[in-house]
2 protein chains.
Amino acid sequence: MASDFSALSSGLSELMVLRLLQRQEMYGYEIVQAIAERTAQVLSPGEGVVYPLLHALEKSGALKSRRKTVGGRSRIYYSLTARGAKRLAAMADHWSALNGAVGMVLHAV
Amino acid sequence: MASDFSALSSGLSELMVLRLLQRQEMYGYEIVQAIAERTAQVLSPGEGVVYPLLHALEKSGALKSRRKTVGGRSRIYYSLTARGAKRLAAMADHWSALNGAVGMVLHAV
DNA sequence: GTATATACCTCGGACCGCAAGGTATGGGAA
DNA sequence: TTCCCATACCTTGCGGTCCGAGGTATATAC
């Protein structure tokens with residue numbers, strides 16, 4: 001039992017991925033960097049988290065992908081489907097509810 | 001992949017338990033009811049979550065327990081140790097950081 | 001030509017939550 | 001009085017998520 005609270009951030013990787021892809025098409029390696037950067041390293045899921053997640057999300061129909069070669073480099077760009085957008089909205093709502101609930105207990109009088 | 005976001009609440013059970021016990025001594029069954037009630041069912045970890053958690057927290061020195069019989073019923077009351085208070089503070093801080101980070105991405109312009 | 005950054009991937013271990021099950025007692029209803 | 005429900009404790013197995021470590025390959029910079 002280290003002084004590590006990684007469990008608290010469980011599920012947030014998916015929320016971050018969906019939200020980033022809602023704004024623009026991105027590829028895996030780029031997503032890994034983007035999450036770490038935009039959260040100031042508070043969240044920083046590695047490739048071992050993001051790649052399997054992308055595969056699962058695509059399989060479930062939340063994402064679609066297309067191959068694209070840029071500067072001789074082959075990349076797989078992912079973008080949000082309608083189903084993915086729906087899932088993102090639901091997750092964001094749930095996150096909001098969670099925040100309220102935790103705040104209720106944490107800052108109770 | 002069900003339409004269930006339970007993963008988002010990972011680790012929050014511990015945070016809730018520590019916070020409740022900071023305010024007053026409580027027993028397991030009571031804690032299960034209290035979390036559900038005070039979060040309006042947004043969080044509602046079952047006994048299969050809470051009891052093992054209490055054991056682990058006691059083993060790690062974050063909680064201490066004492067047996068007490070009330071109305072012929074035997075209960076195990078838990079309370080926070082200094083170490084537990086420290087852990088609670090650290091977790092609450094981490095939760096706060098997480099909130100900021102997620103908000104940063106979720107509500108980005 | 002060799003190291004670094006880019007870009008993809010998988011695997012095993014660990015942790016957490018959950019449903020389902022098990023034990024036992026007290027109190028109220030039939 | 002008998003039976004069910006709420007109380008109160010517990011464990012086990014499954015599944016989902018994380019992480020680190022490792023593997024492959026190419027382009028660019030030194």
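Keep in mind that what you see is a predicted model, and the values were worked out from it rather than measured. Letters A, B, ... are given to chains in the order of the sequence lines, protein chains preceding strands, and every chain is numbered from 1. What you see below is based on every heavy atom in this structure, not just the backbone, and it leaves out hydrogens, waters and symmetry mates.
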When rounded to whole Å, the CE to C1' distance for the pair B:Met91 and C:dC15 reads 12 Å

Decide yes or no for B:Leu63 and B:Thr81: does some side-chain heavy atom of the first lie under 4.5 Å from some side-chain heavy atom of the second?
no

Nearest-Å distance, CG (B:Leu53) to C1' (C:dC16)?
10 Å

Report the distance from atom OG of A:Ser9 to atom CH2 of B:Trp95, rounding to the nearest 0.5 Å.
10.5 Å

Here the distance between atom P of C:dG17 and atom CZ of B:Phe5, to the nearest Å, is 18 Å

In whole Å, what is the span from the CG atom of B:Leu8 to the P atom of D:dC18?
10 Å

Do B:Ser79 and B:Lys64 meet the criterion of a side-chain donor-acceptor pair at a distance under 3.5 Å?
yes

Is any side-chain heavy atom of A:Arg66 closer than 4.5 Å to one of A:Glu25?
yes

Check whether any side-chain N or O of A:Ser6 sits under 4.0 Å from OP1 or OP2 of C:dC15, and answer yes or no.
no

Figure out the NZ/P separation between A:Lys59 and D:dG16, and round it to whole Å.
11 Å

Figure out the CG/P separation between B:Leu12 and D:dT17, and round it to whole Å.
15 Å

Return the value, rounded to whole Å, for the distance between atom CD1 of A:Ile31 and atom C1' of C:dT6.
15 Å

Give every donor-acceptor pair under 3.5 Å between a side-chain atom in residues 35-57 of chain B and any protein atom, sequence neighbours left out.
{"from": "B:Thr39", "atom 1": "OG1", "to": "B:Ile35", "atom 2": "O", "distance (Å)": "2.8"}
{"from": "B:Thr39", "atom 1": "OG1", "to": "B:Leu43", "atom 2": "N", "distance (Å)": "3.1"}
{"from": "B:Thr39", "atom 1": "OG1", "to": "B:Leu43", "atom 2": "O", "distance (Å)": "2.9"}
{"from": "B:Tyr51", "atom 1": "OH", "to": "B:Tyr29", "atom 2": "N", "distance (Å)": "3.4"}
{"from": "B:His55", "atom 1": "ND1", "to": "B:Tyr51", "atom 2": "O", "distance (Å)": "3.3"}

Per-nucleotide protein contact string for nucleotides 6-11 of chain D (B base, S sugar-phosphate only, - none; heavy atom under 4.0 Å):
BBBBBB

Would you be so kind as to tabulate the donor-acceptor pairs closer than 3.5 Å made by side chains of residues 67-76 of chain A, with sequence neighbours excluded?
{"from": "A:Arg67", "atom 1": "NH1", "to": "A:Ser74", "atom 2": "OG", "distance (Å)": "3.4"}
{"from": "A:Arg75", "atom 1": "NH1", "to": "A:Tyr77", "atom 2": "OH", "distance (Å)": "2.9"}
{"from": "A:Arg75", "atom 1": "NH2", "to": "A:Tyr27", "atom 2": "OH", "distance (Å)": "3.3"}

Whole angstrom is fine here: how far is it from CD in A:Gln41 over to P in D:dC19?
13 Å

